[in-house]
Amino acid sequence: MNYIQKSVSNHKIIPEEHRTAFNAPSLPVEKRVQVYCIEENSIPSPETNIPVRIYTPHESDSYPLIIYFHGGAFFSGNLESHDEIVRQICQESGCKVISVDYRLAPEYPFPAALNDCYHVTKWAAEHRDELKWDGQNLALAGDSSGGNLVAAVSLMARDNRNFTITKQVLYYPSLDLDFSEFRYKSLVENGKGYFVESNKLAELNSFYLMGNADTDHPYVSPIREDNLDNLPAALVITAEYDPFRDEGELFAEKLKKCGVHVETKRYEGATHGFLGKFTHLDEYSDVYKRTAEFLRSK
């Protein structure tokens, strides 16, 4: 398929400065949720070796498996920036979780991150014994741009038929990377003063699109896919004051219309990025429990 069409340039945002601030975890390790075992590994792919961090919730002979893709506008974020979130998901769900340190733009624009996420998922599906995977439950989860990668990998898995994704969890996902016009009401309503500024989204995402990625292609903008048949059941989490709120909720509706089981939850009063930052507050604290219940449901 042809992914390439449009080009973007003239950057004002400096990736390294943004990464320094974004990647800093908020809690020291000793104050984070403790899990049974955390291991560092590296997964080979045709293009590179992909660092991963594997979280094991408890001792067992068999685990459901989650592959986690972090957010950060495709050019920020790493294993450490989302360690607190992944620990919580691991502990609450009882799943083994593999967090993926995919390649970042602008050094590695589209489709590098997507390819890395796909190959780690494929590797996991092929290494059942090594991971003690139960062979039945293989879920994807991710936040923001990581939610985009969850949806795109789910589409790729369906199209390529190399393995089967059973569930997908999208936390306030960014699903439409064409910001030439504001197609969604929430981009206007929540475009200023709520952590993510809508007028900066084109520049933030342009690093990922520097390879002239076609923003109309579903692997770039998953919401552009009309045929959503045979995709995994989805949990879509949105935030009231998030510019991406409406595209996440529209994607959920499109999935439902194609016969996909979908659960949705809009967190009132929340902004983009609330996961991990504000989940200690009562009104948001159930997000991990909700995730676990969805992953355990039949």
Side-chain angles (χ1 to χ4, degrees), residues 25-43 50-71 77-102 117 120-143 146-147 149-150 153-154 157 163-171 232-235 237 261 263 265 274-282 284-298:
S26 58
L27 285 176
V29 173
E30 62 273 13
K31 292 187 178 180
R32 300 176 202 172
V33 168
Q34 300 302 301
V35 298
Y36 175 71
C37 180
I38 298 177
E39 306 167 84
E40 309 289 337
N41 202 345
S42 181
I43 308 305
I50 308 160
V52 299
R53 185 174 289 175
I54 303 174
Y55 299 74
T56 302
H58 49 73
E59 191 170 4
S60 178
D61 294 329
S62 179
Y63 303 94
L65 193 59
I66 304 170
I67 317 297
Y68 193 88
F69 310 142
H70 68 76
N78 56 26
L79 298 177
E80 192 62 17
S81 66
H82 284 64
D83 180 68
E84 296 169 37
I85 293 172
V86 178
R87 285 170 180 257
Q88 294 261 26
I89 293 172
C90 177
Q91 183 199 58
E92 192 72 39
S93 69
C95 298
K96 178 171 284 193
V97 186
I98 301 177
S99 183
V100 183
D101 198 10
Y102 56 81
C117 291
V120 170
T121 308
K122 183 174 182 290
W123 174 89
E126 293 171 348
H127 289 75
R128 177 177 177 177
D129 291 343
E130 179 179 339
L131 294 169
K132 295 184 178 180
W133 172 41
D134 65 15
Q136 297 178 338
N137 300 286
L138 179 57
L140 304 179
D143 62 289
L149 293 167
V150 166
V153 171
S154 295
F163 51 86
T164 299
I165 304 301
T166 54
K167 291 186 178 176
Q168 53 180 326
V169 179
L170 299 88
Y171 300 111
L235 172 64
I237 299 294
H261 173 75
E263 297 179 18
K265 170 64 177 178
F274 78 90
L275 205 71
K277 295 182 176 67
F278 299 106
T279 41
H280 62 285
L281 301 176
D282 290 343
Y284 313 134
S285 61
D286 77 330
V287 66
Y288 296 116
K289 180 180 179 182
R290 185 179 298 272
T291 299
E293 289 174 348
F294 169 75
L295 291 168
R296 288 194 292 261
S297 65
K298 301 298 182 183

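Excluded from the calculations below are hydrogen atoms, water molecules and symmetry mates; all remaining heavy atoms, backbone and side chain alike, are included.
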Heavy-atom pair with the smallest gap, counting every atom of [X] and [Y]:
X: K132; Y: D61; result: CB-O, 3.7 Å
X: K298; Y: K167; result: N-NZ, 4.4 Å
X: L131; Y: Y63; result: O-CD1, 4.0 Å
X: R128; Y: D134; result: NH2-O, 3.2 Å
X: R290; Y: L235; result: O-CD2, 4.2 Å
X: L65; Y: A124; result: CD2-CB, 3.7 Å

>> Using side-chain contact (heavy atoms from CB on, under 4.5 Å), reason through F294 and I237 one step at a time and then give a plain yes or no.
In response: CA-CA 12 Å; F294 169 75; I237 299 294; over 6 Å; no
Counting N and O atoms only, with roles assigned by atom type, does the side chain of [X] sit under 3.5 Å from a partner on the main chain of [Y], one being a donor and the other an acceptor?
X: D143; Y: G146; answer: no
X: Y55; Y: Q88; answer: no
X: T166; Y: L138; answer: yes
X: E92; Y: A292; answer: no

Could you tell me whether the side chain of [Y] reaches within less than 4.5 Å of the side chain of [X], counting heavy atoms only?
X: N41; Y: E130; result: yes
X: R87; Y: V29; result: yes
X: F69; Y: V120; result: no
X: R53; Y: D101; result: no

>> If the test is side-chain contact (heavy atoms from CB on, under 4.5 Å), which one of I165, V169, L140 qualifies with V150?
In response: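 Per the side-chain contact (heavy atoms from CB on, under 4.5 Å) rule, the option paired with V150 is L140, out of I165, V169, L140.
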Starting at [atom1] of [X], measure out to [atom2] of [Y] and round the result to the nearest 0.5 Å.
X: T291; Y: E263; atom1: OG1; atom2: CD; value: 10.0 Å
X: Y284; Y: L275; atom1: OH; atom2: CG; value: 12.0 Å
X: K122; Y: I43; atom1: NZ; atom2: CD1; value: 12.5 Å
X: C117; Y: I98; atom1: SG; atom2: CD1; value: 12.0 Å
X: C90; Y: H58; atom1: SG; atom2: NE2; value: 8.0 Å
X: D83; Y: S99; atom1: CG; atom2: OG; value: 8.0 Å

> Where do I67 and V100 land on the side-chain contact (heavy atoms from CB on, under 4.5 Å) test, with the steps shown first?
Replying inline: CA-CA 7 Å; I67 317 297; V100 183; 3.6 Å; yes
>> Please evaluate residues I66 and S93 with respect to the criterion side-chain contact (heavy atoms from CB on, under 4.5 Å), reporting the C-alpha separation (whole Å), side-chain torsions for both, the decisive distance (0.1 Å), and the verdict.
In response: CA-CA 10 Å; I66 304 170; S93 69; 3.9 Å; yes
> Aromatic rings Y102 and H70: how do their planes relate, parallel, tilted or perpendicular, breaks at 30° and 60°?
Replying inline: parallel
>> Under a 4.0 Å threshold between the charged nitrogen and the carboxylate oxygen, would E80 count as salt-bridged to R32?
In response: yes
> Can I50 and W123 be said to form a side-chain contact (heavy atoms from CB on, under 4.5 Å), step by step?
Replying inline: CA-CA 11 Å; I50 308 160; W123 174 89; over 6 Å; no
> Within a reach of under 6.0 Å around CD of E59, are more than 12 heavy atoms found that belong to other residues, nucleotides or ligands?
Replying inline: no
